[in-house]
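Worksheet for the structure shown next.
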Protein chains: 2
Amino acid sequence: MITSQFSTKQRILGAAETLFAQHGFEKASLRQVTAAAHVNLAAVNYHFGSKENLIEEVFRRRLDRLNTHRQDALRKVEHQPDSTLDQVLEAFIKPAIDLSLDQNGGGAFMRMLARAYAEHDQPLRKFLSDNYGHVLREFAVVFHRLLPHLSKEELYWRLDIVAGALTYAMADFGLIKRRPGTTERNHRKQAAEHLIRFASAGLSAP
Amino acid sequence: MITSQFSTKQRILGAAETLFAQHGFEKASLRQVTAAAHVNLAAVNYHFGSKENLIEEVFRRRLDRLNTHRQDALRKVEHQPDSTLDQVLEAFIKPAIDLSLDQNGGGAFMRMLARAYAEHDQPLRKFLSDNYGHVLREFAVVFHRLLPHLSKEELYWRLDIVAGALTYAMADFGLIKRRPGTTERNHRKQAAEHLIRFASAGLSAP
DNA sequence: TTATGATTCAAACAAACGTTTGATTGCGGG
DNA sequence: CCCGCAATCAAACGTTTGTTTGAATCATAA
């Protein structure tokens, strides 16, 4: 056997994740994906029905884990009486970093997530909102408890800014390039630390 | 004459900007663009040579103005001895807001710019870096003067975060929807104010 | 072993894409 | 008037796209 140990479905999902992140949803063709997965072209429509469904499956696989990790981290923090702003921020940011550091295309997935925000089409945004929105609202409640002087509107504005900066940083959009001496792992760890420090001060602004 | 007063070239540029922002570079076809511009399909290749060239022209038209506005605003601020962090931030952020508020597709262009960051392909990123990078470096020098306690590396990390949050906010990615009572103009003005307050505190973090 | 249902495969499908062609139109200067 | 060039037009070009087809192959249970 020359192909990998994983099933056809798994291999398609893995290859799709990498290629979608590298070239975008439209530019990455099913022929590229199936070639990279060492799988017949028709296998995508057999196992997933359509390219659109494949895209959603790729998202679901990772987002489910990200959501539960964030919720677990949040519950650990909110049930202790003296939780700090930085701890809640870390509960929000750390799982995203960990996911981006996951071997087998974690970073690729993060770029794909950012790309999904940029692709402004409504079906995909609705899908993301359904799988994403309730977690953000849970965090908003806890942030509101820690920053009671902020109006609900002010708080939402600032959380939106944090989410934007996080997305941007994790997707490696920025001008900051990894220093040759540091690993990708350390680069993203630094990004998380800087982001938490920055966001903590920003959220606490008068 | 049923078509607009503008020339074929202008009408193509306008329609392209809107449709690229709405559907992305790949999804928006030249047939859609030329139909919206009330122009023959072949006109794009006649006037611009290729779709790739058209994309670059759409960028150049707006970016040139954004750059000079930012540089003008920066020079006004840096040549007064008691300039503040908020003033420099405003010199960076305000021109972007103004551009996004420009009638005839300013908001559309901003979404297109964010999309260009997401499209991770190198030719476009090089083009943006060439037309964008030197302005960012000018701002970095002034910020460094106002925040001397920050190492150059720390400063670059934080500026990268600011740029990311600005891009995200201007492209209207976030979960914050415009309130029914407020105009788009006021919505973006509010976004700018919140962003400046947040970024000012974030940059000043210990 | 044989029969059955799931999977894989090469091949072809129609549709849409960016681009090119060659004829036609419109218009300003000689 | 008419020449010459720039602009516009309908039509077609060759690719590439996602999807479908029907036969071949595999695995499993009777």
Side-chain angles (χ1 to χ4, degrees), chain A residues 1-60 112 115-116 119-124 127, chain B residues 1-60 112 115-116 119-124 127:
Chain A
M1 194 60 145
I2 216 173
T3 54
S4 87
Q5 57 181 314
F6 297 108
S7 73
T8 298
K9 255 182 127 166
Q10 302 281 344
R11 270 183 284 145
I12 291 176
L13 284 169
E17 189 171 69
T18 302
L19 286 168
F20 286 160
Q22 244 164 43
H23 305 117
F25 302 120
E26 346 262 351
K27 252 181 179 166
S29 69
L30 293 187
R31 279 167 181 81
Q32 287 179 272
V33 170
T34 51
H38 300 106
V39 148
N40 186 274
L41 169 61
V44 169
N45 284 275
Y46 177 78
H47 285 286
F48 297 94
S50 70
K51 185 180 186 180
E52 187 69 27
N53 284 354
L54 171 62
I55 293 175
E56 291 200 357
E57 278 306 313
V58 171
F59 273 107
R60 199 190 312 276
M112 211 180 74
R115 197 187 280 271
E119 318 257 346
H120 222 256
D121 67 14
Q122 281 311 316
L124 198 54
F127 172 82
Chain B
M1 194 58 145
I2 217 175
T3 54
S4 88
Q5 56 182 313
F6 298 107
S7 73
T8 298
K9 255 181 127 166
Q10 302 281 344
R11 268 183 285 143
I12 291 176
L13 283 169
E17 190 170 69
T18 301
L19 287 168
F20 286 161
Q22 245 164 45
H23 306 116
F25 302 121
E26 346 262 352
K27 249 181 180 165
S29 69
L30 293 187
R31 281 167 179 82
Q32 287 179 270
V33 170
T34 52
H38 299 106
V39 149
N40 186 276
L41 169 61
V44 169
N45 284 275
Y46 177 78
H47 287 284
F48 297 94
S50 69
K51 186 181 186 180
E52 186 69 28
N53 284 354
L54 172 61
I55 292 175
E56 290 200 357
E57 278 307 312
V58 171
F59 273 108
R60 198 189 313 276
M112 208 179 75
R115 200 186 276 275
E119 318 258 346
H120 223 257
D121 66 15
Q122 282 310 315
L124 197 54
F127 173 82

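If you're wondering where the values come from, they're calculated on a predicted model, not measured in any experiment. Letters A, B, ... mirror the listed sequences (proteins, then strands); counts begin at 1.
- Of the residues near DNA chain C, A:A43 and A:R31, the one whose nearest nucleotide (by heavy atom distance) lies more toward the 5' end is A:A43.
- In this entry the distance linking NZ of B:K51 with P of C:dT20 reads 15 Å, nearest Å.
- A nucleotide of DNA chain D counts as in contact with chain B when one of its atoms lies under 4.0 Å from a heavy atom; the first and last such, 5' to 3', are D:dA6 to D:dA12.
- B:R11 CZ to B:H38 NE2: the interatomic distance, rounded to the nearest 0.5 Å, is 8.5 Å.
- For the atom pair NE2 (B:H47) and OG1 (B:T8), the distance works out to 5.0 Å, reported to the nearest 0.5 Å.
- Distance check: B:L54 CG to B:E57 CD gives 8.0 Å after rounding to the nearest 0.5 Å.
- The structure places CG of B:L30 at 10.5 Å from CG of B:L19, a figure rounded to the nearest 0.5 Å.
- Rounded to an integer number of Å, the gap from CD1 of A:I12 to P of C:dT7 is 12 Å.
- In this structure a side-chain-to-backbone donor-acceptor pair under 3.5 Å is present from A:Q32 to A:S29.
- In this structure, A:Y46 atom OH and C:dA6 atom P are separated by 7 Å, rounded to whole Å.
- Residue-to-nucleotide proximity on DNA chain C shows that, of A:H47 and A:L41, the 5′-proximal contact is made by A:H47.
- Atom CZ of A:F48 is separated from atom P of C:dT7 by 12 Å (rounded to the nearest Å).
- Taking for each of A:A42 and A:S29 the nucleotide of DNA chain D with the nearest heavy atom, the 5'-most of the two is the partner of A:S29.
- The NZ atom of A:K51 sits 6.5 Å away from atom CD of A:E26, with the distance rounded to the nearest 0.5 Å.
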